[in-house]
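To start, the structure under review is shown below, and the notes come after it.
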Amino acid sequence: MKVSLNWLKELANIETIDLDNLNNQLTQAGFEVETIESIIVDGQADHLLDISSTANRSDVLSMIGLSREISALTGSSMLQAIKKPSNKYSSRKQNILADHSLVHCNNYFSAVVDIIRITESPNWLKNRLHSSGFINKNLLVDISNYIMLKWGQPINIIDFDKINHKDTTIIQSNFHTGKDTNIKLGNESIELSKNILVTKVNENITSVAGIGANNNFDIDLNTTSLFIESAIFKQSIVRQSSRVLNIRTESSIRQERGLNTDNWKNAYLEALSLIIDLAGGNIRETFFTDKKLRSVLNIDLSIKKVHDILGPISHNGQIRFLYFEEIQNILHSLNFAIIHKNKEIIKVSVPHYRRQDVFRDVDIIEEIARIYGYHKFKSSVPNIQFSKKLSQRRKFIDKSRNILRNLGLTELVHYSLVKSLGDTSLSNPLIQDYSNLRSSLLEGLIASNLYNLKQSNQTVDSFEIGTVFNTPQNKIIETTNLAMILGGNLDIRHTWSQPAHSLNWYEAKGIIENFFQKMNRQIEWTKQEIIDSRVNLMQKNRSATLIYNDTAIGIFSELNQVTHSKLGFTTKLFILEINLNILEDSHNQFNYLNYQIQPYSKYPSIIRDLSLIVPQNMEFSYLLKLLGQFRDRDLESIKLFDQYKNKSIGKQKKSIGLRFTYRSNQKTLTNSEIDHKQHDLQEKIMKHLNLEIRQ
């Protein structure tokens, strides 16, 4: 809303106020001054302030309302220049409209004025409009705009000669019925539908209720009779019409936020007075319907509660609470009538124009703080009475997140609603495209990497921890999952002199195993049939099911070639998704102390290598289990260092290179002792496992 500083000074009696000081006071009180423009009006300097207000303060969308606020903020006398319009024109042939005549309109004034003459607007009226950012058009339009600026109440003035004349004037407001009708609104052709509230005079659609008058009935130089209308329509109905028509006007903005009944009557009377004084004419008849004001709203305000909520202030080096007199003066400045008071309670009556945003005692306390100045109250952090410990689940998730970050992965967060069809759909989604709850985190990770490629970036080695929703046996189950996608920016190279290469299966598997080791969890890698929707992302013979405590917790796989090529990825990508709820289970995990502190041997180790020819489909983890039954107490570890395939080995067979490390905790082992142990192990492998030793 653009307002003239000179006009404000007259209404609020703040002739000597500094512009910067006023700007700060308005902004701190919740009325931000967005811009200040210096203008010259009729040879006099003025400033045009563009002020924005919150949606609950419809009372300040007028010069009268804003001047009330400034008077309270500056402590000036209240509206000395305001004189309420004369009531002398309101008694001519009054017609009380029936309740059923006006739908969704409880407050209505109108009049028919004859024998008017349209002249040029006086200079003072032109200057008022110019200083508020309006362009003068003709006398009657200027009066309508002036009244709306001053009182915040829209006034419609139309040419009564262009309306079908009857013996009696019939006024109605109702939803448009019948065939679609075109009218002119804002000099544009508008098609009315059945859910648009309109006003009619003698069956002529004269306006879209609360939005604007039908331009087909605009006044011109030949106009001799006027129809003047001032109304308050139901806010939700005006908002609905505005959205359907996709039109917002100065009138609709004020109607949607709510108009004040006091200003409505004053605006009508002053508009009528100005028209008679400046354009002449006689009032033929008037029409009105007036909703009885609601019962007076009285609120008990506790002085102790004011002090408890607002806290102390610092004044002249003294820390104190607001005095009773200070609270009382602020209430008076806001036009809150004090009905009864004592040292503990003030009974306050709320003015009608503040009924839309002041309901409780805390609302009044907020007004006190706003007018006195939020910055004047001392800020203090409340004492923490208790400290809430993190749950074991939260600690586990935080630990997982920190380990993955330390491994070089980037954490991503995605929306829980997805575009793809899922098992769990919302009945009434906010956005139709996102109407299903996700059943997997992988879709979001892949989409983010695809977006990076489209922006000419690389894929991102990333992870996400979040909730997913599945419906086994028609019951919605919510679980916390961890998903990863690997193969993008991890700098994998054997030496610094060699170029970085794409991540392979074993390197990706090593990253996952490193994570589980740091999480203190023993995981088994097996081949099991995967039957959920994620199978479409997995590469055949390049996938594994992860087992923890004899329970499948998730899958690890290379992204299949079809999806890889379709999405345009250039490097191999590996995906993982596991159920953290199961992984969090503490059963069967390493003993904490044994895992953190292990004894070491001070004696040297001896290494022996052995190559075995095994079936091609035998997994290394299974081979380790078989070898575990022959474990020697001096055998420290068995590691895989080579895998070889060749026709000479045999069909459907492969060579596995194993490295055996021996070390004793009591003595230094000799080569002859190790040769004997290794020979016994080879005999057991050939006899009991029926495996061939490759020479």
Side-chain angles (χ1 to χ4, degrees), residues 55 58 61 97-112 140-141 144-145 147-148 152-166 169-219 226-261 263-264 267-268 271 287-291 356 428 432:
S58 60
L61 292 178
L97 298 176
D99 292 338
H100 63 272
S101 299
L102 299 172
V103 177
H104 298 301
C105 178
N106 294 318
N107 302 90
Y108 183 90
F109 274 128
S110 64
V112 178
L140 298 177
V141 174
S144 175
N145 289 333
I147 293 300
M148 184 177 64
Q153 173 65 49
I155 299 288
N156 289 332
I157 304 176
I158 62 177
D159 191 334
F160 194 67
D161 293 331
K162 297 178 181 179
I163 296 175
N164 296 331
H165 287 284
K166 295 183 179 181
T169 303
I170 302 174
I171 301 171
Q172 294 176 306
S173 72
N174 210 333
F175 290 105
H176 178 61
T177 57
K179 297 181 179 179
D180 292 341
T181 304
N182 289 329
I183 67 168
K184 288 186 68 176
L185 190 63
N187 293 321
E188 293 184 9
S189 180
I190 300 297
E191 187 175 285
L192 298 178
S193 57
K194 293 183 179 181
N195 55 350
I196 302 298
L197 186 69
V198 297
T199 57
K200 295 182 178 180
V201 178
N202 292 346
E203 297 301 321
N204 294 270
I205 298 177
T206 56
S207 70
V208 178
I211 296 180
N214 185 353
N215 296 138
N216 291 323
F217 301 104
D218 281 352
I219 56 177
L226 302 176
F227 181 82
I228 306 166
E229 178 185 78
S230 174
I232 300 178
F233 295 96
K234 190 175 180 179
Q235 296 167 244
S236 59
I237 300 300
V238 177
R239 188 179 298 112
Q240 173 183 310
S241 299
S242 179
R243 288 177 178 174
V244 171
L245 296 175
N246 194 25
I247 293 177
R248 292 201 80 196
T249 63
E250 292 288 341
S251 173
S252 68
I253 291 172
R254 289 165 170 80
Q255 292 275 7
E256 287 179 30
R257 292 194 179 186
L259 297 175
N260 175 250
T261 55
N263 290 356
W264 154 73
Y268 166 77
F287 308 85
F288 77 94
T289 180
D290 189 359
K291 178 184 177 182
Q356 295 193 31
N428 187 23
Q432 199 62 40

Item to check | Those residues that, when tested against Asn106, pass side-chain contact (heavy atoms from CB on, under 4.5 Å) (two or more places apart) | outcome: Lys291

Heavy-atom distance under 4.5 Å between the side chains of [X] and [Y], does that happen here?
{"X": "Lys194", "Y": "Thr177", "value": "no"}
{"X": "Val201", "Y": "Thr169", "value": "yes"}
{"X": "Leu245", "Y": "Ile190", "value": "yes"}
{"X": "Lys162", "Y": "Asn216", "value": "no"}

Taking the side chain from [X] and the backbone from [Y], do they hold a donor-acceptor pair closer than 3.5 Å?
{"X": "Ser251", "Y": "Gly210", "result": "yes"}
{"X": "Trp264", "Y": "Ser230", "result": "yes"}
{"X": "Ser58", "Y": "Leu259", "result": "no"}

Next on the checklist: Can you tell me how the ring of Phe227 sits relative to the ring of Phe287, calling it parallel under 30°, perpendicular over 60° and tilted otherwise?
Outcome noted: tilted

Could you tell me which residues satisfy side chain to side chain donor-acceptor pair (under 3.5 Å) with [X], sequence neighbours excluded, listed by chain and number?
{"X": "Thr199", "value": "Thr206, Ser207"}
{"X": "Asn215", "value": "Asp218"}
{"X": "Asn202", "value": "none"}
{"X": "Gln255", "value": "none"}

Checklist entry - Does a side chain donor of either Tyr108 or Glu229 reach within less than 3.5 Å of an acceptor in the other side chain? => result yes

Item to check | Any pair counted as salt bridge (Lys or Arg N to Asp or Glu O under 4.0 Å), so long as it reaches residues 230-248, sequence neighbours left out | outcome: Arg248-Glu256

Once rounded to the nearest 0.5 Å, what's the spacing between atom [atom1] of [X] and atom [atom2] of [Y]?
{"X": "Asn156", "Y": "Leu226", "atom1": "CG", "atom2": "CG", "value": "12.5 Å"}
{"X": "Ile211", "Y": "Leu185", "atom1": "CD1", "atom2": "CG", "value": "7.0 Å"}
{"X": "Ile232", "Y": "Leu102", "atom1": "CD1", "atom2": "CG", "value": "12.5 Å"}

Checklist entry - Looking at residues at least two apart in the chain, or sitting in another chain, which of them share a salt bridge (charged side-chain N to carboxylate O under 4.0 Å, His left out) with Lys200? => result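 Lys200 satisfies salt bridge (charged side-chain N to carboxylate O under 4.0 Å, His left out) with no other residue.
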
Item to check | Pairing residues for Phe217 by the ring-ring contact (aromatic ring centres under 6.0 Å, His included) criterion, not counting sequence neighbours | outcome: none

Checklist entry - Under a 4.0 Å N-O cut-off, is there an ion pair linking Glu250 with Arg254? => result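 Counted as a salt bridge, because a side-chain N and a carboxylate O are separated by less than 4.0 Å.
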
